[in-house]
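Quick note on labels: first sequence line is chain A, next is B, and so on, each numbered from 1.
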Number of protein chains: 2
Amino acid sequence: MEKQTITIYDVAREANVSMATVSRVVNGNPNVKPTTRKKVLEVIDRLDYRPNAVARGLASKKTTTVGVIIPDVTNLYFSSLARGIDDIASMYKYNIILANSDQNDPKEVQVLNTLLAKQVDGIIYMGHKITDELRAEFSRSKTPVVLAGTVDPDEQVGSVNIDYESATEQSVTNLIAAGNERVAFVSGSRMEPINGIYRLNGYKAALEKAHIPFDESLVFEADYSFISGEAIYEKVEEAGATAAFVGDDELAVGLMNGALDRGVQVPEEFEIFTANNSKLTEMVRPKLSTITQPLYDIGAVAMRLLTKLMNKEETDEKTIVLPYNIANRGTTKGE
Amino acid sequence: MEKQTITIYDVAREANVSMATVSRVVNGNPNVKPTTRKKVLEVIDRLDYRPNAVARGLASKKTTTVGVIIPDVTNLYFSSLARGIDDIASMYKYNIILANSDQNDPKEVQVLNTLLAKQVDGIIYMGHKITDELRAEFSRSKTPVVLAGTVDPDEQVGSVNIDYESATEQSVTNLIAAGNERVAFVSGSRMEPINGIYRLNGYKAALEKAHIPFDESLVFEADYSFISGEAIYEKVEEAGATAAFVGDDELAVGLMNGALDRGVQVPEEFEIFTANNSKLTEMVRPKLSTITQPLYDIGAVAMRLLTKLMNKEETDEKTIVLPYNIANRGTTKGE
DNA sequence: CTGTTAGCGCGTTCAC
DNA sequence: GTGAACGCGCTAACAG
C-alpha cells in the first residue's frame with residue numbers, strides 16, 4: 001500500500017537527468033558538471049531521498065557492515081573492546097552487527113553463517129576458544145577475520161592482543177616478591193588457550209624463576225562471573241594460598257568479596273592480582289591491582305586492521321601485540 | 001577475480017529444477033513434492049549453497065535486522081538491556097545492528113538515518129532524552145520503533161519501562177523512614193525526563209508525604225560515571241545530606257566510594273539507594289540497596305513488542321510498564 | 001506441484 | 001559530462 005519509497009529514479013526524473021548521473025553525485029564521482037550536481041543535490045534534499053543500502057549492497061557487493069561475535073555484551077572486558085570496535089567502525093562508515101555467542105560452540109558456527117549470509121564485509125571475533133570447525137569456516141570464506149582480545153595458536157587470521165604470558169609472569173613474580181610462596185592461579189577453563197597455555201605458562205615461569213615447585217592444587221577453573229568467584233574463595237583458602245592471580249576482573253571481584261565477606265583482610269591477609277583492567281577494577285574497594293591492558297585500543301586496532309584487510313591494503317603484520325603495564329593498586333602489598 | 005559465489009541458479013541447474021523451486025525449499029514453502037525437496041536439499045548441501053540475505057532483502061523488502069541505538073555498551077544498565085534484546089531477537093531470527101550514540105543529539109539523528117538506509121525492519125532506542133528532531137524522524141518513517149528503558153512523555157512509539165516515579169518515591173520514603181531528614185537526589189541531567197520529571201517527582205512526593213520541604217540545594221546532577229560520583233560526594237556532604245537516592249548504579253558506586261575513601265561509614269553515617277539493579281550493585285561492598293528493575297526483561301519485552309509491530313500483529317498496549325521491587329541491601333539501615 | 005517472468009533499487013560499463 | 005542498458009541474487013505473482 002503506502003510503500004511510498006522514493007528511489008533514484010524519482011530523483012532522476014525530477015532533476016531531468018538520468019539515474020546514472022544521480023548515482024554519480026550520490027557516490028561523489030567527480031565526473032559531473034557542478035551545475036547538474038547542484039541541481040541533483042537540491043532535488044535529493046527536496047524529495048528527502050535516502051539511498052537504499054540493500055540495493056547498493058547487491059549491486060556493489062559491499063555492505064559496509066561488519067559482524068562482531070561477542071561472548072556476552074554484559075561482560076565489561078568484552079564490552080570495552082566492543083566500544084573501541086564500534087568507534088573506529090563508524091569512523092570508517094561501517095556498521096556493526098553484534099551477536100552474542102555465549103561461547104557456545106554450535107551457536108558460534110551458526111552465528112558466523114548468518115553473518116556471512118548477510119554479506120558482511122568483515123568479521124571481528126571475540127571469544128575464548130576457537131574450535132576446529134570454526135577455524136575451518138574462517139579459512140573457507142574469503143571474508144577477512146580479525147580476533148580481538150582473543151588468541152588462536154594457529155595464527156591464520158588477523159589478531160590483536162597483548163603478551164598474556166609475560167604479563168602474567170610479571171604479575172605473579174610481583175606476588176612472589178611480596179612474600180607469597182603459595183600463589184593461586186584462578187582463571188576460566190584451561191581448555192582455553194589464553195588460560196591453559198599463555199597465562200599458565202607465565203605463571204609457571206614465575207614460579208620457576210623463584211624456585212617454587214608448581215603445585216597443581218593451586219590451579220582453579222571457574223566461570224567468568226563474580227558469583228563463582230565468591231564461591232571459589234573458600235577452596236583457594238583451603239589450598240593454603242595467600243595470594244591469587246586471576247584471569248578475569250569480574251571473577252577477581254568475586255574472589256575478593258569471598259575473602260572480605262569472611263573477614264579476611266585484603267591485601268594484608270590475601271593479595272589479588274587481576275588481568276584485564278576493566279573499569280570494574282577501580283570501582284571496588286580496595287581497588288584491584290591489575291595488568292593494565294588497553295582494552296579500548298585492542299578493539300580499535302582490531303577494527304582498524306580489519307578495514308585494511310577489507311580494503312586489501314598492505315598490512316605489515318596481521319598478528320598485533322600491544323603493550324601492557326602493571327598497576328599495583330589496593331589488593332597487593334608491594335610498593 | 002575468484003568471486004566464486006554460488007547462486008540459486010547453480011543449485012537449480014544442478015538439481016534439474018527451476019530456481020523458483022529452490023527458492024521454495026529454502027523458504028520452507030510446503031508446496032514442493034518431498035522427492036524434489038530432498039533432491040534440492042542434497043544439492044544445496046553438496047554445493048554448500050548459502051542464500052544471499054542482501055538479495056533476499058532487496059526482493060522481499062525485509063532484512064530481518066533491527067537497529068539498536070545505545071548510549072554506551074560499556075554501561076551495565078544498557079548492556080543488560082541489550083542482552084535481553086539480542087536474545088529475543090535471535091530467537092525470532094533477527095540480527096542486531098548496534099550503534100553507540102554517546103547521547104549526542106546530532107549523532108543520534110545521523111545514526112538513525114544510516115539505520116533506516118540499511119532498511120532495518122525495526123528500531124529499538126535506548127537513551128536519556130529524545131529531541132524533537134529525533135521524534136520527528138521516528139514518526140516520519142514507517143519503521144516501527146520501541147523505546148527500552150527510556151521514557152518519552154510524548155507516547156507515540158512503543159516503550160517498555162517501570163514506573164520510575166513511584167519506585168523513586170518508595171525508595172526515598174524508605175530513606176526518610178530510617179531517620180534521614182536530608183536526603184540528596186543525585187542523578188544525570190534534569191533535562192532528561194526520567195530524572196527531571198519522573199524521578200524528581202517521586203522524590204518530591206516522598207518529601208511531601210513526610211512534610212519535609214523540598215530543598216533545591218540537595219539536588220545534584222552528574223554524568224553517569226563512577227568518577228563523577230566520587231567527585232560529587234564532597235558536595236553532597238557539604239549540603240548536609242545523610243543519605244542519597246541515586247539514579248544510576250555506576251554513579252552510586254562512585255558516590256559510595258567517595259564516602260568510603262573519606263572514612264565515612266556506609267550505611268552507618270551515610271545511606272545510599274540506587275536505581276537500576278545492574279550486577280554492579282552486588283559486586284561492591286557493601287552491596288547497594290536498590291530498586292530492582294528487571295533489566296534483561298525490559299530489553300526482552302521491548303524486542304518482543306517490536307516483533308509484533310514489525311509483523312503488524314495486534315498489540316494490546318504499546319506502552320508497557322513492568323513491575324519492580326525494592327531491595328534493602330547493605331547501604332541502608334532499614335530492616 | 002513446478003516453471004516463467006517481472007521486478008527490487010542501484011552500480012557500472014560502454015557508447016555518445 | 002551524461003545516458004541507456006544490463007546485472008547483482010532472490011522473491012513473488014501468475015500460469016500451467
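B:Asn31 comes within 4.0 angstrom of a base, heavy atoms only. Looking at heavy-atom distances under 4.0 Å, A:Val54 makes no contact with the nucleic acid at all. No contact: A:Val26 has no heavy atom under 4.0 Å from any strand. Backbone-only contact: B:Thr7 has heavy atoms under 4.0 Å from sugar-phosphate atoms and none from a base.
Residue A:Arg37 places no side-chain atom within donor-acceptor reach of the base of D:dG1, judged by atom type and a 3.5 Å distance cut-off alone. B:Arg24 contributes a side-chain N or O that forms a donor-acceptor pair with the base of C:dG3 under 3.5 Å.
For A:Ala59, counting side-chain heavy atoms from C-beta on, the closest listed nucleotide (D:dG9, C:dT4, C:dC10) is C:dC10. With distances taken from any side-chain atom of B:Lys33 to the nucleotides C:dC10, C:dT2, D:dT2, the minimum falls on C:dT2. Of all nucleotides listed (C:dT2, D:dA12, C:dC10), D:dA12 comes nearest to the side chain of B:Ala20. Checking D:dC10, C:dC10, C:dG11 against the side-chain heavy atoms of B:Asn52 singles out D:dC10 as nearest.
Note: A:Ile44 CD1 to A:Asp10 CG = 11.5 Å, rounded to the nearest 0.5 Å.
Distance alone, capped at 3.5 Å, is enough to place a donor-acceptor pair between the B:Asp86 side chain and the A:Asn100 backbone.
For A:Lys38 and A:Glu42, the salt-bridge test fails: no basic side-chain N is under 4.0 Å from an acidic carboxylate O. Under a 4.0 Å N-O distance rule, the pair B:Arg140/B:Glu137 qualifies as a salt bridge.
Between B:Met19 and B:Leu58, the one whose closest nucleotide on DNA chain C sits nearer the 5' end is B:Met19.
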